Amino acid sequence: MNLIGISLNHNTAPIEIREALHLSKNEIVELIPKLKEEVYLEGFVLSTCNRTEIFGIPKEPGIDYKDVIGALLEFKPVKGISPDNFLMYFSCGAVKHIFSVATGIDSLIIGDSQILGQVREAFDISEDMDFAGPMLRRLFDNTLKVGKRAIRETLIGEGAVTVSYAAIQVVEKIFANIDRKSALVIGAGETGELAAIHLRDKGVEKISITNRTLARAEELAAKIHSDITPYEYFKEHLHNFDIVISATSSPDFIIDKKDIQAMMKKRRGTPVVLMDIAIPRDIDPEAAKIDNVFYHDIDSLKVIVDQNLNKRKKEIPAVEKIVKDEMVALFSWYNTLDVVPAIRSVRDFFEEIKDDELKKIKHKVTEEDYAKLEDMSRRLIGRLLHNPTIKLKELAESGTDFQKVISYTMILKDLYNLEKIEEDSHKKTA
Amino acid sequence: MLPAIHALNIILPFLYLATFGIYVYDFMNEKAAFSNAKRVFLFVTLLLHVFYLLARTIEFNHPPITNKFEIFTVLAFAIGFSYFLLELLTDVRGTGLFIILFSVLFQIVSSLFIEDLIEVKEILRNRLLGMHVISALLGYSGITISAVYGLLFLILYKEIKLSKFGLIFNRLPSLETLERLSFISLLIGFILLTISITIGIIWLPSAFPNFSYLDPKLLSTGVVWIIYGAGIVTKLSARWYGKKVIMFSLVGFTLAMLSLMLSNIIAESFHSFT
């Protein structure tokens, strides 16, 4: 398979270069016509914050990786980038890499759940830009299949791998119906926002945001459709919440043990979860000693993250097995592409014999008889070749037994010595 | 029918062991490959156990409640059956091994020592006595299951408090679920004990000439009933949550077992049939 491609990712380039080379959707749309013109017949461009990948079928034999890198850097020059920042792939290696990317085993966070969607988007752009031919379409289908199988058949995407999601996992081990609980998120920064989004995604009934700067709280509240609790009064309302997630940049504790004791008194001892995902910490860890108070800080939550990452690492061999299976399937299909030329060669071979034989008797029979003989031999060849042609085509199109298709094609070529005939005909043409 | 009874007497402990094994395997493995199969296995075991109990009742012409080894096999069934119902009702499937273990132990002891008793006291053939004993056994199964869930609650509570996120954390249901399971089984146990006590109070005076309301077994069961009843009312009216409810269930269970043992061992009672 004449597939070549390049990849720049977290293993080959520092974040500054990855960020600088990152291509937005609009940029990809602009780059594709250039690639079509200079490098590829068909292909795709994938660009995320951690990787930029370009793969495709070259327009002509001489085109290699340097041309692809050249076209990319001409379109988006990046200071300090070098060819060493790129990995280069060809044929089998290229397919294996694309499959590995789609399953998330090549991601910075193993089993990254977003990558399959990003791969799908890259394929969709190619399709829209008329940059996807039959080869790439088949590759897209298999790639998506690999990604889905990895999620369905392995635990590669299981468990929380971010601190904020780990916090939610702990909350779910305490409360049976998280959707009926109320939560307060203190701090509207990046971490607080991520936690609030996870809570919303889990269906938490009532979420409230509090932040020292009211405008930021309002912004986040609007984003996740939640309430706001004024920062000045949030301690007075603590008892109304079953889950409190704190992620501010305050240098001191903003909630001390006395606040928690007062809160528990008002809650009549009903359980509460306090997740302190700030550095330095926001909540006095002494709170953990109070009955029915489940306090966790970033260190304890990181234990869950590390455990889950290790579990995902253990799933890599299972995912690699899926990658291998699907590579075999793709290349088996690819090998059947040889069927159509083989059928054509057999037909040409028979036609040639027919013409030779007819030529020999052309002057020995009347014109009327010759026409009859010509018609008869044409029908004879048609009937003789009908069954093998149809069967071979059907077998190849069904895609169920690639091995059989390959053996049949090879037998056909061997029996009629077609490869030699094709070679001779090429020589004559040359 | 006797050969079938003898065969089942040997097979049942192995069936309970196999069911327990599947539940353990499923608990230890995250992929939960036997999530449905284990339930089917438990169902088949319980079905054969019902057949065994019915066969014994018909063959020996009395319900299998005349001695402790007969009672043990009923207890093994009662615990397994109560758990099965609970699993069906709540769809919480990860805790079976902790409960079925009791069925395994009771059935093994029963199968080893049970005898084919044909001659028993006439009173032991009474249907009301059968209902009285079986509802009491189911009641005790309920409070035993409640205590097991209570214990699991405390273990998970401690693990979460200490940020130990191991197998227990990963495989057990949430604390709220465990609390709910513990309370539901306690409630069912309490209702069945109430039924047993009611039958006893109505029937016992007419069945035993030496009946006394001051009988130690009657008194101890009464005390256990009052403790659980008061606990349930308090939980519902004062809205107790979490650890407090669980501690109550565990203390109630300990008291129930202690009073049962003391009244059986120390005191002389009309309430003994062996």
Side-chain angles (χ1 to χ4, degrees), chain A residues 152-156 158-160 163 166-181 202 242-243 264 267-276 285-312 314-315 318, chain B residues 26-33 35 86-87 89-95 149-150 152-185 234-248 250:
Chain A
R152 201 175 52 237
E153 295 172 25
T154 72
L155 300 173
I156 196 73
E158 290 292 304
V163 167
I168 307 298
Q169 196 179 323
V170 176
V171 170
E172 283 184 310
K173 272 290 159 191
I174 295 160
F175 298 128
N177 300 303
I178 190 173
D179 52 331
R180 287 184 209 156
K181 302 295 172 189
K202 285 284 172 186
D242 306 300
I243 304 157
M264 288 309 279
R267 288 178 66 83
R268 301 171 72 186
T270 53
V272 68
V273 182
L274 305 175
M275 293 292 172
D276 189 348
E286 284 290 303
K289 290 179 181 164
I290 302 169
D291 254 3
N292 285 328
V293 172
F294 297 94
Y295 166 87
H296 292 278
D297 60 19
I298 213 157
D299 281 348
S300 62
L301 294 172
K302 246 192 131 280
V303 174
I304 296 181
V305 171
D306 292 342
Q307 274 178 3
N308 288 334
L309 279 173
N310 281 333
K311 276 185 207 162
R312 287 186 179 196
K314 283 183 190 157
E315 291 295 306
Chain B
D26 217 42
F27 185 81
M28 306 299 279
N29 287 280
E30 214 156 327
K31 283 176 186 169
S35 191
L86 210 59
E87 193 185 293
L89 286 172
T90 59
D91 205 33
V92 176
R93 304 179 187 207
T95 55
Y149 280 126
L152 292 176
F153 176 98
L154 286 185
I155 294 168
L156 181 61
Y157 179 92
K158 208 173 170 191
E159 296 258 304
I160 297 175
K161 275 279 209 180
L162 297 173
S163 302
K164 283 186 183 168
F165 304 117
L167 188 67
I168 293 285
F169 175 81
N170 286 324
R171 303 297 288 142
L172 281 186
S174 69
L175 285 175
E176 255 185 13
T177 306
L178 287 171
E179 186 199 320
R180 190 164 55 93
L181 288 171
S182 176
F183 187 67
I184 291 173
S185 36
T234 319
K235 145 91 184 157
L236 294 174
S237 59
R239 307 184 84 191
W240 277 8
Y241 292 98
K243 210 174 152 190
K244 211 187 264 184
V245 182
I246 296 300
M247 289 310 289
F248 158 75
L250 287 173

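None of the values given here were measured: they were computed from a predicted structure. In what follows, chains carry the letters A, B, and so on, assigned in the order in which the sequence lines appear, proteins first and then strands, with residues in each chain numbered from 1.
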Between Thr177(B) and Ala176(A) the two heavy atoms that sit nearest each other are OG1-CB, 3.3 Å
Residue among Lys173(A), Lys289(A), Gln169(A) with most heavy-atom pairs under 4.5 Å to chain B =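 Ranked by contacts with chain B, first place is Lys173(A).
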Exercise. With only heavy atoms counted, which part of Gln307(A) is less than 4.5 Å from chain B, the side chain, the backbone, both or neither?
Worked result: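 Side chain only.
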So, the part of Ile178(A) with a heavy atom under 4.5 Å from chain B: the answer is neither
Cut-off 4.5 Å, heavy atoms of chain A, and the answer for Leu156(B) is side chain
d(Ser163(B) OG, Phe294(A) CZ) to nearest 0.5 Å is 11.0 Å
Gap between atom CD1 of Ile304(A) and atom CG of Asn170(B) - 0.5 Å precision:
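Interatomic distance, Asn170(B) CG to Ile304(A) CD1, rounded to 0.5 Å: 8.0 Å.
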_Treating Tyr157(B) as the side-chain partner and Asn292(A) as the backbone partner, does any N or O pair qualify as donor plus acceptor under 3.5 Å?_
yes
Output yes when a side-chain donor or acceptor of Lys161(B) lies under 3.5 Å from a complementary backbone atom of Ala288(A), and no otherwise. yes
Relative to each other, are the rings of Phe165(B) and His296(A) parallel, tilted or perpendicular (30° and 60° limits)? tilted
| field | Test: Lys181(A) and Glu176(B) ion pair at under 4.0 Å | value |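 Yes.
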*Tell me, please, which residues at least two apart from Leu89(B) pass side-chain contact (heavy atoms from CB on, under 4.5 Å).*
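Listed in chain order: nothing, the list is empty.
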